[in-house]
Amino acid sequence: MPASKIKKYHLHKGEPDKLQFEIYPLKEYLPGRDCSTQYPHSHSFYQIIWFMSGRGKHYVDFKEYDVQENTLFFISSGQIHHFDENQYEGSLIHFNESFLAGNQDYINIFLRHNIFHSFEKEPLFTIKKEDSKELLNIVTQMQNEMWTPGQFAHAEYLKVLLHLFLIVIQRFGIRKDCNALTMHTPSHILFVKFRQLLEQNYRQIHTVAQYAGLLNVSGKTLTNCTNEIARQTPLQIINERISLEAKRLLAYSDKNINEIGFELGFEDPSYFVKFFKRQMNTLPGDFRKAIS
């Protein structure tokens, strides 16, 4: 799909006074979007998709995932995804980062809710039917609260409900190959800080030594940390993030390969081509042709 066709959606962009939160029933939301949700798109906000019933496929960053009963997808800002043509029962939750974090410490928030920002993990959880009842109760309260915007502490109440929803997922959700993070373990805090720095700097900084320096730790300490939590070296995580962005740009932008290389911090375009070939086992131009 040409870049001119890829859309990025926003939630109340430039309107900070509006509630930075939305919730919809899936069976009402999907048909009302004139099939636009079936085309690859991204958001500047976070999205939770709870497929309560129905079977099909969901597509996130070039990967196809099975949708089964009580599957929950957590789509981060910037991720590219789309729905299939099937209809589902479920719920869709949108919120901006400011709504989730509020005045609390950003690292603590994402340590509590180790759900988003995991490009190297599957972006989905499953939940057992018996545990889904608690989630459904929270969703019902959210939906009811949306109808009463004049109530005392309306936004604060929705924030509490959202946090409860995420806590239930952390407690009962099943996710492949993903260790829970805690606020009491130094290596877990270091891992989150590394991931934050990587997200901010992957276009300019490509080496483990540079990230370790910014974090004031040794390269060995950072390596032990990522091996413990993600079963990957920091260099593997860095390269995966750069490769993902390269694939996004090749698939959904009109930029040529040299421009993409420069944007991703490769001063010599030939270095980018060699990097991409080493990571993806194909040349950038061949990848672009294969998905066009």
Side-chain angles (χ1 to χ4, degrees), residues 11 19-32 37 43 45-60 65-77 79 81 83-84 86-102 104 108-118 121-149 151 153-183:
L11 179 60
L19 183 69
Q20 304 296 306
F21 176 91
E22 295 175 337
I23 183 168
Y24 303 95
L26 262 182
K27 64 181 179 180
E28 295 178 12
Y29 184 89
L30 295 181
T37 56
H43 322 107
F45 52 86
Y46 294 96
Q47 184 179 66
I48 302 171
I49 311 161
W50 181 10
F51 295 100
M52 296 180 189
S53 64
R55 290 180 178 269
K57 301 289 184 181
H58 197 72
Y59 306 87
V60 185
Y65 298 97
D66 290 324
V67 174
Q68 301 177 7
E69 182 176 305
N70 285 320
T71 303
L72 294 103
F73 283 81
F74 293 81
I75 308 299
S76 297
S77 173
Q79 284 192 296
H81 78 119
F83 294 80
D84 62 12
N86 296 325
Q87 296 300 310
Y88 302 92
E89 294 284 339
S91 293
L92 192 72
I93 298 172
H94 295 161
F95 59 93
N96 279 322
E97 181 179 300
S98 59
F99 183 83
L100 176 64
Q104 300 184 59
N108 285 345
I109 290 297
F110 284 100
L111 279 172
R112 289 195 188 102
H113 309 311
N114 177 33
I115 292 174
F116 298 99
H117 295 308
S118 292
K121 304 294 182 185
E122 290 190 355
L124 63 92
F125 288 74
T126 56
I127 194 162
K128 295 177 181 177
K129 189 171 184 179
E130 58 267 29
D131 296 325
S132 70
K133 294 177 183 178
E134 190 167 351
L135 275 187
L136 181 58
N137 178 48
I138 297 169
V139 165
T140 301
Q141 290 185 70
M142 287 179 180
Q143 292 169 332
N144 291 339
E145 182 65 22
M146 290 297 288
W147 286 103
T148 60
Q151 286 276 28
H154 173 66
E156 286 71 17
Y157 187 50
L158 285 168
K159 288 180 186 181
V160 169
L161 291 172
L162 178 58
H163 280 280
L164 284 174
F165 185 96
L166 296 172
I167 288 168
V168 171
I169 293 298
Q170 288 281 49
R171 286 186 175 183
F172 303 115
I174 301 164
R175 188 181 201 177
K176 291 182 182 178
D177 301 323
C178 189
N179 297 330
L181 301 181
T182 73
M183 293 177 288

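Atom set for the values below is all heavy atoms of this structure, side chains included, hydrogens, waters and symmetry mates excluded. Index from 1, following the sequence.
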message: Under the rule for side-chain contact (heavy atoms from CB on, under 4.5 Å), what residues qualify as partners of Glu69, not counting sequence neighbours?
response: Lys129

message: Donor-acceptor check, side chain of Asn86 to backbone of Arg55, threshold 3.5 angstrom: yes or no?
response: yes

- line: Nearest heavy-atom contact between Ala155 and Leu19 is CB-CD1, 3.7 Å

query: Hey, are the side chains of Asp131 and Arg171 touching, using non-hydrogen atoms and a 4.5 Å cut-off?
result: no

- request: Kindly indicate whether the side chain of Tyr157, heavy atoms from C-beta on, has any atom under 4.5 Å from the side chain of Gln151.
  value: no

- request: For Tyr59, enumerate each residue passing the ring-ring contact (aromatic ring centres under 6.0 Å, His included) test, keeping only those at least two apart in sequence or located in another chain.
  value: His82

query: If you measure from CG on Leu158 to CG on Leu162, what distance do you get to the nearest 0.5 Å?
result: 8.5 Å

field: Leu161 CG to Met146 CE distance, which is reported to the nearest 0.5 Å
entry: 11.5 Å

task: Give, for atom OH of Tyr24 and atom CG of Leu92, the distance between the pair rounded to the nearest 0.5 Å.
output: 8.0 Å

- request: Indicate the atoms forming the closest heavy-atom contact of Leu135 with Ile169, along with that distance.
  value: CD1-CD1, 3.6 Å

- request: Apply side-chain contact (heavy atoms from CB on, under 4.5 Å) to Thr140 and list each qualifying residue two or more places apart in sequence or on a separate chain.
  value: Leu136, Asn144

query: Are the aromatic rings of Phe125 and Phe172 close, with centres under 6.0 Å apart?
result: no

- request: Determine whether Phe51 and Leu124 make a side-chain contact, defined as any pair of heavy atoms from C-beta on separated by less than 4.5 Å.
  value: no

field: Nearest-0.5 Å distance, CD1 of residue Ile49 to CD1 of residue Ile75
entry: 4.5 Å

task: Might you point out which heavy atoms bring Gly90 and Met52 nearest each other, and give the distance in Å?
output: CA-CG, 3.6 Å

message: Are His58 and Tyr88 an aromatic pair, judged by ring center distance below 6.0 Å?
response: no

message: Could you report the tightest heavy-atom contact between Tyr46 and Asn96, atom names first, then the distance?
response: CD1-C, 4.3 Å

- request: Please work out which of the three classes, parallel, tilted or perpendicular, describes the rings of His94 and His43, given edges at 30° and 60°.
  value: tilted

message: Could you check whether any side-chain heavy atom of Phe99 comes within less than 4.5 Å of a side-chain heavy atom of Leu11, counting everything from C-beta outward?
response: no

query: How far apart are the closest heavy atoms of Thr148 and His154, and which atoms are they?
result: O-ND1, 3.4 Å

- request: Measure the spacing between NE2 of His81 and OG1 of Thr37 and express it to the nearest 0.5 Å.
  value: 8.5 Å

message: Is there a side-chain contact between Ile48 and Phe95 in this structure, where contact means two heavy atoms from C-beta onward sitting under 4.5 Å apart?
response: yes

message: For a 4.5 angstrom cut-off between non-hydrogen side-chain atoms, does Ile174 reach Lys128?
response: yes

query: Which heavy-atom pair separates Gln20 from Ser98 by the least distance, and what is that distance?
result: CG-OG, 4.1 Å

- prompt: Could you give the distance from CZ (Phe45) to CD1 (Ile93), rounded to the nearest 0.5 Å?
  reply: 12.5 Å

field: Pairwise side-chain contact, Val67 with Asp84, heavy-atom cut-off 4.5 Å (strictly under)
entry: no

task: Kindly indicate whether the side chain of Phe21, heavy atoms from C-beta on, has any atom under 4.5 Å from the side chain of Lys159.
output: no

Chi angles and distances behind the side-chain contact (heavy atoms from CB on, under 4.5 Å) call for Gln143, Ser91: CA-CA 10 Å; Gln143 292 169 332; Ser91 293; 4.0 Å; yes

